[in-house]
Amino acid sequence: MHAFSRSMVDLYRLAEQAGYQEFPGEALRLLQRWVGFDGAVLGLGEAGRDPRTGLLITQAHVHQRENHILQAYGAVSGRDPVTDAFLRGLQRPLAVDCHAQYRRRGEGLAEMEAFTRDYDLRHLLLFGDSPAAGTPGRWLVLYRADDACFKPEDAELLHAAWLHLSRAIGLHRAALLDRQDSVRAQRASALVNGLGGVESADARFVDLLRQEWPAGCGQQLPAELLGRLSEGLAWRGRRIEVMARREQHLLVCTARPVEALALLTPAEAAVARRFAAGQSHKQIARELGVAPNTVRTQITRLYAKLQIHDKAALAQRLMAAERGALDS
């Protein structure tokens, strides 16, 4: 049971991180560790207004079968008693012996029998949420080509896994939508407990932490940062700054890059702008009314503050600061 629970945790992690094309196949591979099958369809659809149309598939992922199985199924689903059972609502997974179910030609199931034969469907196990009140249905049908039928324990595992899989599908859709939202994509927030453990965080928050602490894993705030935030104070490092407010026992933290010019004195900032723009030491010195050696010293200092080593890196830091100012 512990290993099964870990797989469900992996499923939710997959829902948060996987791309559109990647998620269905990887989710089914997770399930395949527990319920053996050699083909599957994870689908989304609606009941047709005409009962003869059966199930209208709006989206589906075909796993280890030919994709044209969907078109072939759509042509016969209106006469399929298994589809009808799903549309009426299943309380438990439905195991079907396709030979026994569809070879009763007297009941007009010859087309379904031919369909299962053409696509090598000897046994199937079906479960899902049927369409209701304008809400699309979701379902998963598992296939076996050999004579090994799905057993009650397979049905129990699918029943337990479906509650998680259905929820994970919704979370995956929400995560995909978030990635299309430029504001959300740039958000860098986290919920942190009193011991500094990061309980939930945006990917950008973790990325920013690693800019300041490359050896950190992003799951624990460094002690120096936690101490500052716990006192109700903002923290500024060389690369990022972090602020927090207390919400019950949690700290709601936000991070953002430190603007390069904010780390420099006014004189250093004036030199940095001109040097990044391509001016020479002598030109900068003449324009600012200082000695060339003073310009060289200021460039050495600002390089150390910004942790950079050349003019190209300086230009990049200044451009990033300008973009941040425009976005804020």
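Closest non-hydrogen pair, Cys149 versus His123, comes out as CB-CE1, 3.5 Å. Between Pro257 and Arg204, the closest heavy-atom pair is CG-NH2, 3.6 Å. Between Ala15 and Ala168, the shortest heavy-atom contact is CB-O, 3.4 Å. The two residues Ser7 and Leu30 have their closest heavy-atom pair at O-CD1, 3.9 Å. Taking every heavy atom of both residues into account, Gln298 and Ala267 meet most closely at NE2-CB, 3.4 Å.
When the side-chain hydrogen bond (donor to acceptor under 3.5 Å, both in side chains) test is applied to Arg29, the partners found at least two apart in sequence or on another chain are Glu26. Judged as a side-chain hydrogen bond (donor to acceptor under 3.5 Å, both in side chains), and not counting sequence neighbours, the contacts of Asp84 are Arg88. Partners of Trp235 by side-chain hydrogen bond (donor to acceptor under 3.5 Å, both in side chains), not counting sequence neighbours: none found. A search for salt bridge (Lys or Arg N to Asp or Glu O under 4.0 Å) contacts involving Arg92 returns Glu156, not counting sequence neighbours.
A distance-only check finds no donor-acceptor pair linking the side chain of His63 to the backbone of Leu42 [under 3.5 Å]. Side-chain atoms of His172 come within 3.5 Å of backbone N or O of Gly19 as a donor-acceptor pair. The backbone N or O of Lys311 sits less than 3.5 Å from a side-chain atom of Tyr303, completing a donor-acceptor pair. No donor-acceptor distance shorter than 3.5 angstrom exists from the side chain of Arg301 to the backbone of Glu268, with no hydrogens or angles considered.
To the nearest 0.5 Å, the span separating CG on Leu124 from CZ on Phe37 amounts to 13.0 Å. Distance check, rounded to the nearest 0.5 Å: CG of Asp129 to CD1 of Ile169 gives 8.5 Å. Between atom CD of residue Glu199 and atom CG of residue Leu251 there is a gap of 10.5 Å, rounded to the nearest 0.5 Å. Taken to the nearest 0.5 Å, the CG atom of Leu142 stands 9.0 Å off from the CG atom of Asp154. Here CE of Met8 is found 8.0 Å from CG of Leu165. Values are rounded to the nearest 0.5 Å. Atom OH of Tyr143 sits about 11.5 Å away from atom CG of Asp120, to the nearest 0.5 Å.
Under the 4.5 Å side-chain heavy-atom criterion for ILVMFWY residues, no single connected hydrophobic cluster contains both Leu171 and Leu44. Cluster annotation: Val82 and Phe127 are assigned to the same hydrophobic cluster (Ile/Leu/Val/Met/Phe/Trp/Tyr, side-chain heavy-atom contacts under 4.5 Å, transitive). In the hydrophobic cluster analysis, where Ile, Leu, Val, Met, Phe, Trp and Tyr join through side-chain heavy atoms closer than 4.5 angstrom, Leu14 is grouped apart from Val206. Criterion: ILVMFWY side-chain heavy atoms under 4.5 Å apart, direct or through other members. Under it, Phe150 and Leu90 are part of a common hydrophobic cluster. Linking ILVMFWY side-chain heavy atoms closer than 4.5 Å, directly or via other members, places Leu226 and Met243 in two distinct hydrophobic clusters.
A salt bridge links Arg13 with Asp10: at least one charged nitrogen is closer than 4.0 Å to a carboxylate oxygen. A salt bridge between Glu113 and Arg117 is present, with a side-chain N of the basic residue lying under 4.0 Å from a carboxylate O of the acidic one. Salt-bridge check for Arg274 with Glu287: passed, with a basic side-chain N closer than 4.0 Å to an acidic carboxylate O. Ion pair Asp146/Arg122 not flagged as a salt bridge, since none of the NZ, NE, NH1 or NH2 atoms sits closer than 4.0 Å to an Asp/Glu carboxylate oxygen.
A heavy-atom distance below 4.5 Å is not found between the side chains of Asp207 and Asp202. Between Arg65 and Asp38 the shortest side-chain heavy-atom distance falls below 4.5 Å. Between Leu140 and Leu31 there is a side-chain heavy-atom pair separated by less than 4.5 Å. Between Tyr73 and Ile57, the closest side-chain pair of non-hydrogen atoms falls below 4.5 Å. Within the 4.5 Å cutoff, the side chain of Gln101 has heavy atoms near those of the Pro81 side chain. Side-chain contact check for Val198 versus Cys253: every heavy-atom pair is 4.5 Å or farther apart.
Aromatic rings from His68 and Tyr119 are positioned such that their centres are separated by under 6.0 Å. For His281 and Phe275, the gap between ring centers is short of 6.0 Å.
Counting non-hydrogen atoms of other residues, nucleotides and ligands closer than 6.0 Å to NE2 of His309 gives a total of 12 or fewer. For Gln71, the CD atom counts as loosely surrounded, since its 6.0 Å shell holds 12 or fewer non-hydrogen atoms of other residues, nucleotides or ligands.
Using a 30° and 60° split on the angle between ring planes, Trp34 and Phe4 fall in the perpendicular class, above 60°.
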Distance-only check: which donor-acceptor pairs under 3.5 Å involve side-chain atoms of residues 289-297, not counting sequence neighbours?
unit_1 : atom_1 : unit_2 : atom_2 : d
Asn293 : OD1    : Arg296 : NH1    : 3.1
Thr297 : OG1    : Asn293 : O      : 3.0

**OP:** Would you please test His61 and Leu28 for side chain to side chain contact (heavy atoms under 4.5 Å, CB included) and show each step?
**Re:** CA-CA 10 Å; His61 173 80; Leu28 289 174; 3.8 Å; yes

**OP:** Could you give me the CA-CA distance, side-chain angles and deciding distance for Ser189 and Thr254, then say whether side chain to side chain contact (heavy atoms under 4.5 Å, CB included) is met?
**Re:** CA-CA 4 Å; Ser189 301; Thr254 57; 3.5 Å; yes

**OP:** Begin with the C-alpha distance, continue with both residues' side-chain angles, and end with the deciding distance and a verdict on side chain to side chain contact (heavy atoms under 4.5 Å, CB included) for Leu94 and Phe86.
**Re:** CA-CA 9 Å; Leu94 177 63; Phe86 167 69; over 6 Å; no

Subject >> Step-by-step side chain to side chain contact (heavy atoms under 4.5 Å, CB included) determination, Leu87 to Trp139 >> reply: CA-CA 10 Å; Leu87 292 174; Trp139 73 91; over 6 Å; no

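When hydrophobic residues (I, L, V, M, F, W, Y) are linked wherever their side-chain heavy atoms come within less than 4.5 Å, the members clustered with Leu191 are Leu250, Val252.
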